[in-house]
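Accompanying notes for the structure given below.
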2 protein chains.
Amino acid sequence: MMDEKHPLVPNDEIIYDMAELFKIFGDTTRIKILCALFLKEMCVSEITEEVGMTQSAVSHQLRILRHFRLVLLRRKGRLSYYSIGDNHVKKIFLMAMEHTQEP
Amino acid sequence: MMDEKHPLVPNDEIIYDMAELFKIFGDTTRIKILCALFLKEMCVSEITEEVGMTQSAVSHQLRILRHFRLVLLRRKGRLSYYSIGDNHVKKIFLMAMEHTQEP
DNA sequence: TGAACGCATGAACAAGTATTCATGCGTTCA
DNA sequence: TGAACGCATGAATACTTGTTCATGCGTTCA
């Protein structure tokens, strides 16, 4: 009476959430931003300089990262400081690097 | 003399490879396929049944997973058996599930 | 050998998305 | 107070990508 479902595959909501998270990580600009923030909190112009994209592109991506709580925002005067908002990200990135660096 | 580069962010090739890997994980069909294969090797029709997609869609995605060596193919008669081809995937998925299951 | 089966794949279409451009809003400072 | 600055954001565009549909190829078996 349990084999009407598909026990091998997690339920749709979990699958969907996982896919959403990985989609966010599937963009070079967002990866660069997160990597930059791993070391320290930075304002937008610093991030822009670090990742080598336009300020507009960076702001758009920061908005997405913010929405999924992967970065945190702190305002100080006319500056916006961003920092890493999640502890799992670094671990997941390190594991992905392990994979991609293999022969 | 080292500050002409951007030491916070890994080089472009690493970033690109990471993004490619995450893009692959950023699709519900591919996640379902990989989750199904975590338990055991399966042929295409079994996978198709398990993930609830058309055979064509599954085959297309298996081609991508194969190309990135995330699954392995073994032919036996007119059946194609697929299995997990990478040890990191399961760990990465578990970590992603940890993240998405948080409040 | 020929038909049924299992699977792969190219083309076409639809949907999602990252960047650029232009602009607006709030803050600072002369 | 008004101009410069830092940042956010909407619209438009170009591009990527997942599914469907149709079909082809190799294997099995009657």
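- Atom CG of A:Asn87 sits in a sparse spot, with 12 or fewer heavy atoms from other residues, nucleotides or ligands closer than 6.0 Å.
- Residues A:Ile15 and B:Ile64 share a single hydrophobic cluster, defined by chaining ILVMFWY side chains whose heavy atoms lie under 4.5 Å apart.
- The base of D:dT20 sits with one of its N or O atoms less than 3.5 Å from a complementary donor or acceptor on the side chain of B:His60.
- If you check C:dT28 for Watson-Crick or wobble pairing at under 3.5 angstrom, you find it paired to D:dA3.
- A side chain to side chain donor-acceptor pair (under 3.5 Å) with B:Tyr82 is found for one member of B:Arg74, B:Glu46, B:Glu41, B:Arg66 and no other, namely B:Arg66.
- Checked against D:dT20, C:dA8, D:dG18, the side chain of B:Gln61 finds its nearest nucleotide in D:dG18.
- In this structure, A:Arg74 places its CZ atom 15 Å from C1' of D:dG6, rounding to the nearest Å.
- Residue A:Leu79 contributes atom CG, which lies 10 Å from atom P of C:dC29 at whole-angstrom precision.
- Counting only heavy atoms from C-beta outward, the side chains of B:Leu21 and B:Asp17 never approach each other to under 4.5 Å.
- Rounded to whole Å, atom P of C:dT19 lies 15 Å from atom CZ of A:Arg63.
- Residue contacts shown for A:Ser59 include a base, since a base heavy atom lies under 4.0 Å away.
- Across every strand in view, C:dA14 sits in a pair with D:dT17 that passes the Watson-Crick or G-U test at under 3.5 angstrom.
- Neither OP1 nor OP2 of D:dC29 sits under 4.0 Å from any side-chain N or O of B:Arg78.
- Checked against D:dC7, D:dA8, C:dT9, the side chain of A:Ser45 finds its nearest nucleotide in D:dC7.
- Applying the Watson-Crick and G-U wobble criteria (two distances, each under 3.5 Å), D:dA11 pairs with C:dT20.
- For B:Phe38, the CZ atom counts as densely surrounded, since its 6.0 Å shell holds more than 12 non-hydrogen atoms of other residues, nucleotides or ligands.
- With hydrogens and angles ignored, a donor-acceptor pair closer than 3.5 Å exists between the side chain of B:Ser56 and the base of D:dC21.
- When the P atom of C:dT17 is taken as reference, atom CG of B:Asp27 falls 12 Å away, rounded to whole Å.
- Where A:Arg30 and A:Gly77 each meet DNA chain C at their nearest nucleotide, the meeting point lying more 5' is that of A:Arg30.
- The base of C:dA8 is paired with the side chain of B:Gln55 by a donor and an acceptor separated by under 3.5 Å.
- A:Ile64 places its CD1 atom 11 Å from the C1' atom of C:dG16, with the value rounded to the nearest Å.
- Mapping B:Thr29 and A:Val58 onto DNA chain D by nearest heavy atom places A:Val58 closer to the 5' end of the strand.
- Each of C:dA8, D:dG10, D:dC7 was ranked by its minimum atom distance to the side chain of A:Cys43; first place goes to D:dC7.
- When the side-chain nitrogen and oxygen atoms of B:Arg66 are compared with OP1 and OP2 of C:dA8, one or more of them lie within a distance under 4.0 Å.
- Between B:Phe25 and A:Phe25, a ring centre-to-centre spacing not shorter than 6.0 Å is recorded.
- Protein atom CG of B:Leu62 is 12 Å distant from nucleotide atom P of D:dT19, rounded to whole Å.
- The interatomic distance linking B:Ile33 (CD1) with D:dG18 (P) rounds to 11 Å, in whole Å.
- A:Tyr82 comes within contact range of the sugar-phosphate backbone alone, with a heavy-atom separation under 4.0 Å but no base atom that close.
- Taking atom CZ on B:Phe68 and atom C1' on D:dT17, their separation rounds to 13 Å, with Å as the unit.
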